[in-house]
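Take a look at the structure below.
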Amino acid sequence: MSQPRVSIQPQDFDLSAEVAALRAGDARVGAVCAFVGTVRDRHPAELAAAGAPDVASVASMELEHYPGMTEKAIEAMIDEACRRFDVYRVRVIHRIGLLQPEDQIVLVAVTSAHRGESFQACEFLMDYLKTQAPFWKKEETPEGARWVDARVSDDAALARWGIAATNA
């Protein structure tokens, strides 16, 4: 059975196993690029400018999604990356549920013949995921719970690919 391109799951993932499965049996692969996002223990400085304390700790983060809709949206993102870049395989895993600081949240892994295409496709997909994927994140802090919006810097990262964020 072949590996799915998208998995939305509460359980953690094994980076080595995912990369091995992604490149297995494909002798064309000369490059693998993987990005793993993790839960931070504090607010980013950009939020401080918007009034949130930048030193406040994050005790946990809860991620929610719409089953079916989220996977479909990410599949469309992968299709767009494959149109833009000469890549062979793509794997996106995004976790949901209650996560703690240092927990893995997301994996984006891409194979190609050369590193440049893998790097670009991986970065494109991550920029797209940060602003356009239908996930909702709630942080639990000493000040209480708050929903997390996409940051201005995330929208700017997406804009460099010629895509306007639709979350505003």
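Just so it is clear, the structure is predicted and the values come from calculations on it, not from any experiment. Values reported hereafter were calculated over all heavy atoms of this structure, with side chains retained and with hydrogens, waters and symmetry mates removed.
Expressed to the nearest 0.5 Å, how far CG of Leu15 lies from CD of Gln104 amounts to 7.0 Å. Taking NZ of Lys137 as the start and CD1 of Ile105 as the end, the distance is 5.5 Å to the nearest 0.5 Å. Rounding to the nearest 0.5 Å gives a distance of 11.0 Å between CE of Met61 and CG of Asp41. Atom CG of residue Leu22 and atom CD of residue Gln3 lie 5.5 Å apart, to the nearest 0.5 angstrom. With values rounded to the nearest 0.5 angstrom, Cys33 atom SG is found 10.5 Å from Gln120 atom CD. Rounded to the nearest 0.5 angstrom, Glu75 CD and Arg5 CZ are separated by 4.0 Å.
Smallest separation of non-hydrogen atoms from Ala121 and Val87: CB-CG1, 3.6 Å. For Pro134 against Met69, the heavy-atom pair with the smallest separation is CB-CE, 3.4 Å. Of all heavy-atom pairs between Ser118 and Val110, the closest is OG-O, 3.5 Å.
Ring geometry for Tyr66 versus Trp136: interplanar angle over 60°, hence perpendicular rather than tilted (30 to 60°).
Side-chain contact annotation: Arg28 with Thr111, donor-acceptor N/O pair under 3.5 Å absent. Glu143 and Thr141 share a side-chain donor-acceptor pair at under 3.5 Å.
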For a side chain to side chain contact (heavy atoms under 4.5 Å, CB included) check, start with the C-alpha distance between Glu64 and Trp147, then their side-chain angles and the critical distance, and finish with the verdict. CA-CA 11 Å; Glu64 299 177 5; Trp147 292 99; 3.9 Å; yes
Verdict with reasoning, Ile74 to Ile8, per side chain to side chain contact (heavy atoms under 4.5 Å, CB included): CA-CA 10 Å; Ile74 295 172; Ile8 309 299; 3.9 Å; yes
Please report the C-alpha distance between Arg89 and Arg23 in whole Å, then the side-chain angles of each, then the deciding distance to 0.1 Å, and finally whether the side chain to side chain contact (heavy atoms under 4.5 Å, CB included) criterion is met. CA-CA 8 Å; Arg89 293 184 184 151; Arg23 59 186 289 250; 5.7 Å; no
Yes or no on side chain to side chain contact (heavy atoms under 4.5 Å, CB included) for Phe35 and Leu125, after CA distance, side-chain angles and deciding distance? CA-CA 10 Å; Phe35 172 84; Leu125 284 165; over 6 Å; no
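Between Glu80 and Arg83, at least one side-chain nitrogen of the basic residue sits less than 4.0 Å from a carboxylate oxygen of the acidic one, meeting the salt-bridge criterion.
Under the 3.5 Å distance criterion, the side-chain polar atoms of Ser57 are left unmatched by any main-chain donor or acceptor of Ala59. Between the side chain of Glu139 and the backbone N or O of Val58 there is no donor-acceptor pair closer than 3.5 Å. In terms of modelled atom types and a separation under 3.5 Å, the side chain of Glu71 and the main chain of Val6 share no donor-acceptor contact. Distance alone, capped at 3.5 Å, places no donor-acceptor pair between the Arg95 side chain and the Val106 backbone.
Residues Leu107 and Tyr88 fall within the same hydrophobic cluster, defined by Ile, Leu, Val, Met, Phe, Trp and Tyr side chains chained together at heavy-atom separations under 4.5 Å. Leu63 and Val92 fall within the same hydrophobic cluster, defined by Ile, Leu, Val, Met, Phe, Trp and Tyr side-chain heavy atoms under 4.5 Å apart, directly or through other members. At a threshold of 4.5 Å between side-chain heavy atoms, the hydrophobic network of Ile, Leu, Val, Met, Phe, Trp and Tyr places Ile96 and Phe13 in two separate groups.
Between Phe85 and Phe119 the shortest side-chain heavy-atom distance does not fall below 4.5 Å. Contact of the Met77 side chain with the Val90 side chain is not registered, since no non-hydrogen atoms from C-beta on lie closer than 4.5 Å.
Within a 6.0 Å sphere centred on CD of Glu102, other residues, nucleotides and ligands contribute 12 heavy atoms or fewer.
Of the candidates Ile93, Ile78, Leu129, Val36, Leu129 is the only one forming a side-chain contact (heavy atoms from CB on, under 4.5 Å) with Val108.
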